[in-house]
Amino acid sequence: MMRCGTLIPVIVAMVLASSLPAPAQSASDLLEKGIFTEETVGDLDAAIKIYEKIVAEGDSHRTYAAQAQYRLGM
């Protein structure tokens, strides 16, 4: 049986691996992953990268780009 101290890093690694943005993801999916990465996982650096990707592609997704820009500012 795994101890809690061993299990937590494994879970965090799995979440981070699954939260990396894939090229075919929509802006809404990326924003959701960014928020999850920021608030639940607590990895601000990874969340910032996701938010920056949304902002860079924001011409066609202005609503999501605005929310991502707001979160970058916060």
Side-chain angles (χ1 to χ4, degrees):
M1 179 181 257
M2 287 184 152
R3 292 180 39 223
C4 185
T6 306
L7 185 59
I8 291 174
V10 171
I11 292 172
V12 169
M14 289 172 47
V15 168
L16 290 177
S18 69
S19 69
L20 295 175
Q25 289 183 315
S26 69
S28 64
D29 290 339
L30 284 174
L31 183 62
E32 184 177 329
K33 284 189 176 192
I35 293 169
F36 177 81
T37 303
E38 175 187 356
E39 294 180 356
T40 304
V41 177
D43 187 352
L44 295 179
D45 292 331
I48 287 170
K49 288 178 185 176
I50 295 170
Y51 295 147
E52 288 174 341
K53 180 176 174 62
I54 297 167
V55 171
E57 299 172 357
D59 291 337
S60 61
H61 305 287
R62 293 181 63 174
T63 301
Y64 301 115
Q67 291 176 23
Q69 187 66 48
Y70 172 78
R71 290 192 166 271
L72 282 169
M74 292 304 291

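Note that these values count all heavy atoms, side chains included, but never hydrogens, waters or copies made by symmetry. Residue numbers count from 1 along this sequence.
Put simply, the side chain of Leu44 reaches to within 4.5 Å of the side chain of Glu38, judged on heavy atoms.
Leu72 is connected to Leu30 through a chain of hydrophobic side-chain contacts under 4.5 Å among Ile, Leu, Val, Met, Phe, Trp and Tyr, so both are in one cluster.
Note: Glu52 CD to Glu57 CD = 12.0 Å, rounded to the nearest 0.5 Å.
Between Gly34 and Ala47, the shortest heavy-atom contact is O-CB, 3.6 Å. Closest approach of Thr37 and Ile50 over heavy atoms only: OG1-CD1, 3.9 Å. Of all non-hydrogen atoms in Ile54 and Ala27, the two that sit nearest each other are CD1-O, 4.1 Å.
In this structure, Met74 belongs to a hydrophobic cluster whose other members, linked by side-chain heavy atoms under 4.5 Å apart, are Tyr70.
Residues that satisfy the side-chain contact (heavy atoms from CB on, under 4.5 Å) test with Ile35, not counting sequence neighbours, are Leu31, Glu39, Tyr51, Arg71. Evaluation of the side-chain contact (heavy atoms from CB on, under 4.5 Å) rule for Thr63 yields Gln67 as partners, not counting sequence neighbours.
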